[in-house]
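Some notes on the structure that comes next.
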2 protein chains.
Amino acid sequence: MAALASLIRFSDNVRVGNMSTIWMERRLDTLEKAMPEAAGTQSVDRALMLLSLIGRHGEAGMSLAAVVAGSGLNRPTARRLLLALMRSRLVEQEPETRRYFLGEEAYVLGVLASHRFGFLDCALESLASLSRTSGDTSFASVRRGDFAVCLHREEGAFPIRTHALLPGHRHPLGVGAGAMAMLAALSDAEIEPILAANAPLLEERYAGYPPETIRADVAFARQHGFSLNPGRVLANSWAIGMAVRYPDGRIAGALSIAAIDSRMGDARQGELAGHLGREVARVEARLARRFAAPPSGAARPAGGRGRGATPRDDISMGGIGS
Amino acid sequence: MAALASLIRFSDNVRVGNMSTIWMERRLDTLEKAMPEAAGTQSVDRALMLLSLIGRHGEAGMSLAAVVAGSGLNRPTARRLLLALMRSRLVEQEPETRRYFLGEEAYVLGVLASHRFGFLDCALESLASLSRTSGDTSFASVRRGDFAVCLHREEGAFPIRTHALLPGHRHPLGVGAGAMAMLAALSDAEIEPILAANAPLLEERYAGYPPETIRADVAFARQHGFSLNPGRVLANSWAIGMAVRYPDGRIAGALSIAAIDSRMGDARQGELAGHLGREVARVEARLARRFAAPPSGAARPAGGRGRGATPRDDISMGGIGS
DNA sequence: CCCAGGCGTCCACATGATGGACTGACAGCA
DNA sequence: TGCTGTCAGTCCATCATGTGGACGCCTGGG
């Protein structure tokens with residue numbers, strides 16, 4: 001259970017009670033400088049950690065015991081916070097199995113947020129095309145703090161597939177082709193703290209990823225224009241990946257393709273990289289069309305606090321068209 | 001400000017401090033019976049109310065003053081809770097304008113939740129088809145408690161359009177064609193408490209919707225197979241709508257089409273209703289394909305608590321394919 | 001039939017969350 | 001240029017909320 005507890009963090013950036021492993025405290029020191037200070041919201045932080053935890057176990061849901069184990073919270077506390085999430089419809093509990101799942105409100109918020117972020121919306125067609133033309137499995141992932149989270153997996157026609165990476169699964173940045181592509185897209189100054197923060201976890205659970213190997217993989221990705229996972233975690237499962245950027249240059253996520261090693265020789269790597277590069281360009285074009293201005297509103301008028309240029313806050317029921 | 005405060009509720013079901021209008025208290029009495037009891041999570045409930053509030057103001061975001069006005073919270077409290085939401089990346093603040101928006105984590109959770117709920121994913125193609133063939137504006141909405149929330153709006157080619165209903169906008173069930181379609185899909189026993197709960201708000205802000213008119217519109221929708229908004233809110237803006245169901249019969253949401261009154265004569269209503277019915281059937285077929293079992297897992301083995309049949313909680317990093 | 005494991009609740013106590021008061025920044029106006 | 005109003009954001013004394021050890025119930029497996 002200690003190992004389980006060490007894995008779990010709310011959006012990878014929140015200090016939660018009862019978690020005291022060395023590597024975690026070290027990385028929180030690193031990150032707290034970049035995050036709003038936590039004071040007077042322990043309960044909220046805990047609830048949102050639970051939400052994220054449940055989000056990453058979408059398909060099978062989670063039992064209360066797993067939530068307790070994964071969060072490090074005491075059972076009455078976890079249950080009470082889950083009740084609050086259930087009242088908000090962000091989480092729901094299946095009566096028969098008692099397991100907890102993301103609720104419909106999470107979906108609705110995601111839809112409302114997609115007007116600012118829709119990376120996967122823009123990527124789905126490309127993933128379908130990649131898997132159709134290659135026959136292999138393709139993935140979309142996003143960065144969450146120092147980790148990569150798989151958002152979508154698209155099956156190809158080839159019958160031998162790895163089923164290890166599923167939506168919600170999360171790995172340290174650098175572990176896996178999509179995660180490596182996003183890491184390699186960062187500057188060295190950004191990469192070093194991430195490696196430092198993840199060092200304990202990598203040493204404990206990712207034996208194939210000593211830091212020097214990750215740095216070499218970063219160099220490879222920068223040199224070749226695509227990242228390569230030569231079966232570092234699962235010997236026969238190889239993958240290549242590329243980062244995708246918003247028009248303003250920020251990393252939106254990554255696309256990757258996985259196949260068994262016999263389908264990932266040098267020649268086929270190049271072929272798949274060509275397909276991948278074209279689809280990445282298409283996703284980036286769709287993102288550009290979707291956000292005429294970047295999601296952070298950088299195109300908005302600058303100048304001081306800029307309050308004069310902001311939309312009026314008109315919390316009222318507009319006339320209705322439907 | 002009192003009018004503003006009366007509008008805001010977290011997922012329409014949470015009692016929040018400082019809100020004491022008669023209609024709100026009355027409806028909470030009605031609803032608390034159906035909701036997990038709130039004890040020891042006031043802070044969490046408040047934070048999630050803010051999240052929902054910001055979610056419904058996606059495009060323009062919200063200032064702190066608007067959040068304070070809309071939530072009824074004191075400013076330091078609202079700010080502190082917003083900081084917690086920002087730490088979790090569910091909310092982000094735009095530095096130039098200081099406005100708050102849904103963050104990328106909301107999008108990621110929505111993507112992860114879409115494996116259980118993807119109504120809009122299944123509806124987008126149909127909305128595009130409806131607007132392409134009709135030339136008018138089409139909408140997808142979902143039920144949130146006693147309200148309907150617009151998730152998506154698809155523009156048609158006809159140049160005269162109402163821009164009143166936007167994603168995030170929320171109206172009482174029954175107000176607007178999509179909201180009416182969802183209301184009419186409920187049983188009378190389900191409808192009456194909703195009308196009772198919404199009565200103060202309807203009286204205050206929806207003069208065109210006395211309860212007997214809503215009941216007549218429900219009867220019309222049940223008789224004709226589609227709901228009709230004959231310009232009740234905006235005189236020249238008419239709309240028709242239909243509910244969409246998950247395979248297990250629960251209401252997934254509604255599709256609707258809006259047009260100016262001169263384009264909504266009886267003959268064209270029938271024509272549009274035909275298109276709408278076909279696309280609703282297509283959406284329902286896509287939902288059926290997507291969820292071989294209904295989202296609530298009703299197909300799972302029954303029998304007592306059914307814990308023996310549940311997936312193992314294996315919170316571990318699986319082997320990786322990407 | 002018994003036992004272990006998981007789920008869920010209670011409530012005395014400790015801790016965390018609140019909001020009135022205050023400060024700073026900025027835009028608009030005289 | 002100076003003043004005023006508005007908004008954003010913070011501090012900390014006070015009090016209300018949140019916690020978790022203990023307990024009971026239910027179910028499945030041996």
Side-chain angles (χ1 to χ4, degrees), chain A residues 1 14-18 36-50 61-87 93-100 301-313, chain B residues 1 14-18 36-50 61-86 91 93-100 300-313 315:
Chain A
M1 292 315 172
V14 176
R15 185 205 305 265
V16 178
N18 302 334
E37 207 172 293
T41 54
Q42 173 189 280
S43 239
V44 177
D45 291 335
R46 285 174 158 186
L48 300 180
M49 170 191 39
L50 293 187
M62 294 185 84
S63 65
L64 181 59
V67 170
V68 165
S71 65
L73 297 173
N74 280 287
R75 191 167 63 255
T77 304
R79 170 66 178 173
R80 193 174 55 256
L81 296 173
L82 285 168
L83 286 175
L85 291 169
M86 284 162 65
R87 282 196 297 281
Q93 185 180 26
E94 199 171 80
E96 297 86 3
T97 61
R98 313 305 282 270
R99 297 178 78 83
Y100 297 92
R305 306 278 273 283
R307 280 207 280 273
T310 60
R312 281 178 65 248
D313 290 302
Chain B
M1 289 315 172
V14 177
R15 188 206 303 267
V16 178
N18 303 334
E37 206 173 295
T41 53
Q42 175 189 282
S43 240
V44 177
D45 291 336
R46 285 174 157 186
L48 299 180
M49 169 189 46
L50 293 188
M62 294 186 83
S63 65
L64 182 60
V67 170
V68 165
S71 66
L73 297 174
N74 280 286
R75 191 167 59 257
T77 305
R79 169 66 177 173
R80 192 176 54 257
L81 296 174
L82 285 168
L83 285 175
L85 292 168
M86 284 163 66
V91 159
Q93 185 180 27
E94 198 173 80
E96 297 87 3
T97 61
R98 313 305 282 269
R99 297 179 78 83
Y100 298 91
R300 295 251 177 92
R305 306 278 272 282
R307 281 208 284 271
T310 59
R312 284 179 61 249
D313 290 301
I315 306 172

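Letters A, B, ... mirror the listed sequences (proteins, then strands); counts begin at 1.
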Within the pair A/Q42 and C/dA14, is there a side-chain N or O less than 4.0 Å away from OP1 or OP2?
no
A/L73 CG - D/dG21 C1' separation (whole Å):
16 Å
Is a side-chain donor or acceptor of A/R99 paired with a backbone partner of A/G61 at a separation under 3.5 angstrom?
yes
Whole angstrom value for the distance that separates P of C/dC7 from CG of A/L83
14 Å
Please enumerate all protein N or O atoms sitting under 3.5 Å from an N or O of nucleotides 13-15 of chain D, with distances to 0.1 Å.
none

D/dG20 base to A/R75 side chain: any donor-acceptor pair below 3.5 Å?
no
Regarding the side chain of A/S63, the nearest nucleotide among C/dC7, D/dG20, D/dG9 is C/dC7
Could you check which of D/dG20, C/dG19, C/dG6 has an atom nearest any side-chain atom of A/T77?
D/dG20
Measure from CG on B/L85 to C1' on C/dA17 and round the result to the nearest Å.
15 Å
Listed nucleotide nearest any side-chain atom of B/A65, set C/dA17, C/dC10, D/dA8
D/dA8
Quick one: are A/L82 and A/L64 in side-chain contact, heavy atoms under 4.5 Å?
yes
Nearest atoms (heavy-atom pairs only) where B/Y100 meets B/V91:
CD2-CG1, 4.1 Å
So, is B/R46 close to the C/dG19 phosphate, meaning a side-chain N or O under 4.0 Å from OP1 or OP2?
yes
For the residue pair B/L85 and B/A47, what are the closest heavy atoms and their distance?
CD1-O, 3.5 Å
What is the distance from atom CZ of A/R87 to atom CG of B/D45, rounded to the nearest 0.5 Å?
4.0 Å
Measure CG/A/L81 against P/C/dG8 and give the value in whole Å, please.
14 Å
When you check the phosphate oxygens OP1 and OP2 of C/dC26, does a side-chain N or O of B/R98 lie under 4.0 Å from one of them?
no
With a cut-off of less than 4.0 Å, is there a side-chain N or O of B/Y100 near OP1 or OP2 of D/dG9?
yes
Rounded to whole Å, please give me the gap between CG in A/N74 and P in C/dC13.
18 Å
Please answer whether the main-chain N or O of A/V67 pairs with a side-chain N or O of A/S71 as donor and acceptor at a distance below 3.5 Å.
yes
Between atom CG in B/L82 and atom P in C/dA17, what is the gap in whole Å?
15 Å
Would you say the side chain of A/V44 lies within less than 4.5 Å of the side chain of B/L48, judging by non-hydrogen atoms?
no
Is there a side-chain polar atom (N or O) of A/R79 under 4.0 Å from OP1 or OP2 of C/dT9?
yes
Find the distance B/M62:CE to D/dC7:C1' and express it as a whole number of Å.
15 Å
Side chain of B/S43, heavy atoms from C-beta onward: which of C/dT9, D/dG9, C/dA17 has the nearest atom to it?
C/dA17
